[in-house]
Amino acid sequence: DYTDVFPTLTALEVRVISEKSSIVVMCERADSNFLIVGIEFDERSKHFIHFGLGLFSSKEEAREALFAKSESTNFWSEGYANFGI
């Protein structure tokens with residue numbers, strides 16, 4: 001099923017990190033879990049790259065993570081560590 005591979009997400013909060021050409025988004029999934037997504041512009045490829053930075057069962061946990069992930073300097077390593085969430 002398409003929604004199992006690409007779940008429906010609703011963006012709830014966004015933090016812009018202008019010095020990195022990035023944003024961090026707290027999303028609610030259709031299954032009522034919360035996902036933190038990092039989106040970064042890759043200068044070399046000229047594409048936006050999306051990273052799953054954490055899956056949470058409560059909005060409060062996700063909000064705390066949103067602020068913590070906004071301070072993260074490397075979406076690449078964290079995104080690959082969370083690959084498949």
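Quick note: residue numbers are just sequence positions, from 1.
- Scored by the salt bridge (charged side-chain N to carboxylate O under 4.0 Å, His left out) test, Glu43 finds Lys46 as partners (sequence neighbours excluded).
- Among all heavy-atom pairs drawn from Ala11 and Val25, the shortest one is CB-CG1, 3.8 Å.
- Glu28 pairs by the side chain to side chain contact (heavy atoms under 4.5 Å, CB included) definition with Leu12, Ser32, Phe34, not counting sequence neighbours.
- In terms of the salt bridge (charged side-chain N to carboxylate O under 4.0 Å, His left out) criterion, Arg15 has no residue partners (sequence neighbours excluded).
- With sequence neighbours left out, the side chain to side chain contact (heavy atoms under 4.5 Å, CB included) criterion links Leu9 to Cys27, Arg29, Leu35.
- Partners of Glu13 under the side chain to side chain donor-acceptor pair (under 3.5 Å) rule, at least two apart in sequence or in another chain, are Arg63.
- In terms of the side chain to side chain contact (heavy atoms under 4.5 Å, CB included) criterion, residue partners of Ser57 (sequence neighbours excluded) are, by chain and number, Asn33, Glu61.
- Scanning all heavy atoms of the two residues, the minimum distance from Leu53 to Lys69 falls at O-CE, 3.2 Å.
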